[in-house]
Amino acid sequence: MPQPVDVRDRIAPAVVAWFSDAARPLPWRAADVSPWAVLVSEFMLQQTQVARVQPRWEEWMRRWPTPAALAAEPASEAVRAWDRLGYPRRALWLHRAATEIVERHGGRVPRDLDALLALQGIGPYTARAIAAFAFGDRHPVVDTNTRRVIARAVDGRAEAGPPATARDLAAMDRLLPDEREAAHRFNAGAMELGATVCAARAPRCDACPIAELCAWRNAGYPAYDGPKRARQARFEGSDREARGLVMRELRATHRPVPRDVLAGLLADDARLARALDGLVADGLAVATADGFALPEA
DNA sequence: CTCCTGCGCC
DNA sequence: GGCGCTGGAG
């Protein structure tokens, strides 16, 4: 059962108060970081945990402190420096976004939501995260953690179910304080709560600042009855693994890698062929006379 | 095994 | 709305 409005209105203040003590001191949350630094962190954090992102982010900020600095280098360097963060298309997108920022916005990260959404690799989540966290503007920021917190605290369900962007944004907007700074802190605090306390597997309700307000807890933790999320396919032996192996090889050198060298990485030649096709289609690899290489453009 | 600050494209 | 995309940690 959903919460009555008066209970719902107590959620944000409680989360904001909790967050002022509980916030992890992540470097991209420091007061003096640039919007570009926030943007880079948001790209890296798409589907990737904080602990893995932090060292890569530090390196990137030292090497490319502005969009212009990154745009001045070939995309191959971005892919190389992405290292093993996973989903290497994000490195390509980030490089492209830097170029677009230089071309369209004079090298400054735009503040306007539609301008942000028009950049490569920036979708509904990342655009609002940048507007909210880098510029302090009031927008609902909804990631997988926030969706789970809302599902539990407001809707009384154990899981959020499949994403529905418009509905998710509206749900967060209803909880969001009017005042900018409070909205900013609630956006960040709700994500933090989902990441550190209201965890998917093992929620720590004893440490939760809104436990007494939580519809799911107050209903006795009913089991999730919605659509089951699809099982993630096995990674060993998958095409994903093959892509990763090829990319690791391409990143390790500045010269084209002959196809037979790549074939030595994989017993299954059909799998290699699919991986190469996919990587070329994604722009992550280019075929040359001497083999495959990272893209320079 | 499941989960992770999503996105672009079909 | 559904699918594919990486890799590591718990």
Side-chain angles (χ1 to χ4, degrees), chain A residues 19 23-24 26 28-29 38-57 79 82-94 96-97 116-134 139-150 158-169 172 187-196 198-204 224 226-248 250-251 274-275 277-285:
Chain A
F19 185 61
R24 292 168 292 179
L26 305 177
W28 45 86
R29 285 179 178 164
V38 172
L39 184 153
V40 172
S41 78
E42 294 296 344
F43 268 79
M44 291 184 169
L45 287 161
Q46 290 167 7
Q47 301 281 272
T48 307
Q49 297 90 328
V50 164
R52 292 176 52 212
V53 164
Q54 197 160 333
R56 288 291 85 71
W57 182 84
V79 174
W82 196 254
D83 196 43
R84 286 195 270 176
L85 277 181
Y87 296 117
R89 290 186 296 185
R90 292 182 293 165
L92 229 42
W93 294 343
L94 184 44
R96 172 89 65 87
L116 286 165
L117 284 166
L119 298 174
Q120 181 68 36
I122 295 191
Y125 164 77
T126 304
R128 288 171 179 80
I130 294 167
F133 301 148
H139 298 284
V141 180
V142 182
D143 76 327
T144 183
N145 289 311
T146 295
R147 278 166 25 78
R148 185 174 54 253
V149 168
I150 292 175
E159 294 179 30
T165 304
R167 194 148 37 81
D168 294 339
L169 291 175
M172 186 58 173
N187 276 316
M191 288 171 60
E192 187 85 343
L193 187 64
T196 64
C198 193
R201 194 75 62 78
R204 298 167 38 230
Y224 179 65
K228 271 293 182 195
R229 227 191 336 265
R231 282 267 171 97
Q232 184 172 330
R234 179 180 183 79
F235 185 65
E236 325 287 322
S238 68
D239 286 1
R240 282 178 157 188
E241 182 191 33
R243 284 173 61 108
L245 290 170
V246 171
M247 287 306 295
R248 194 176 303 194
L250 300 191
R251 282 196 309 263
R274 285 195 302 274
D277 280 352
L279 290 170
V280 170
D282 286 344
L284 281 166

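Each chain gets a letter, A, B and so on, in the order the sequences are listed, and its residues count up from 1. Here the structure is a predicted model, which means the values were calculated and not measured.
Donor-acceptor pairing under 3.5 Å, judged by distance alone, is present between the side chain of A:R89 and the base of C:dC5. Between the side chain of A:Q47 and the base of C:dG8 there is no donor-acceptor pair of N/O atoms closer than 3.5 Å. Evaluation of atom-type donor-acceptor distances gives no pair under 3.5 Å for the side chain of A:R84 against the base of C:dG8.
In summary, the side chains of A:D168 and A:T165 do not present any donor paired with an acceptor at a separation below 3.5 Å, with no hydrogens or angles considered.
Positionally, the nearest nucleotide of DNA chain C for A:W93 lies more toward the 5' end than for the other of A:R251 and A:W93. Residue-to-nucleotide proximity on DNA chain B shows that, of A:E42 and A:I122, the 5′-proximal contact is made by A:E42. Each of A:L117 and A:E159 has a nearest nucleotide on DNA chain B; the 5'-most of these lies closest to A:E159. Nearest-nucleotide positions on DNA chain C place A:R90 closer to the 5' end than the other of A:R90 and A:R201.
Applying the side chain to side chain contact (heavy atoms under 4.5 Å, CB included) rule to A:L26 yields the partners A:R24, A:W28, A:R29, A:V50, A:Q54; only residues at least two apart in sequence or on another chain are considered. With sequence neighbours left out, A:R128 forms a side-chain hydrogen bond (donor to acceptor under 3.5 Å, both in side chains) with no residue at all. A:D277 pairs by the salt bridge (charged side-chain N to carboxylate O under 4.0 Å, His left out) definition with nothing, not counting sequence neighbours. Taking the salt bridge (charged side-chain N to carboxylate O under 4.0 Å, His left out) definition, one finds that A:R274 meets it with A:D239, sequence neighbours left out.
One can place CG of A:L94 at 16 Å from C1' of B:dG8, the figure rounded to the nearest angstrom.
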> How does DNA chain C look in dot-bracket form if you count Watson-Crick and G-U pairs under 3.5 Å, write [ ] for pairs that cross, and put | where a base pairs with another strand?
Replying inline: |||||.||||

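Taking only side-chain atoms of A:Q46, from C-beta outward, the nucleotide of B:dG6, B:dC3, C:dG7 with the closest atom is B:dG6.
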List the atom pairs, donor and acceptor, that lie under 3.5 Å between side-chain atoms in residues 38-48 of chain A and the rest of the protein, sequence neighbours left out.
residue: A:S41; atom: OG; partner: A:V38; partner atom: O; Å: 2.7
residue: A:E42; atom: OE1; partner: A:Y125; partner atom: OH; Å: 2.9
residue: A:Q46; atom: NE2; partner: A:G121; partner atom: O; Å: 3.4
residue: A:Q46; atom: NE2; partner: A:T126; partner atom: OG1; Å: 2.9
residue: A:T48; atom: OG1; partner: A:Q46; partner atom: O; Å: 3.4
residue: A:T48; atom: OG1; partner: A:R90; partner atom: NH1; Å: 3.2
residue: A:T48; atom: OG1; partner: A:R90; partner atom: NH2; Å: 2.9

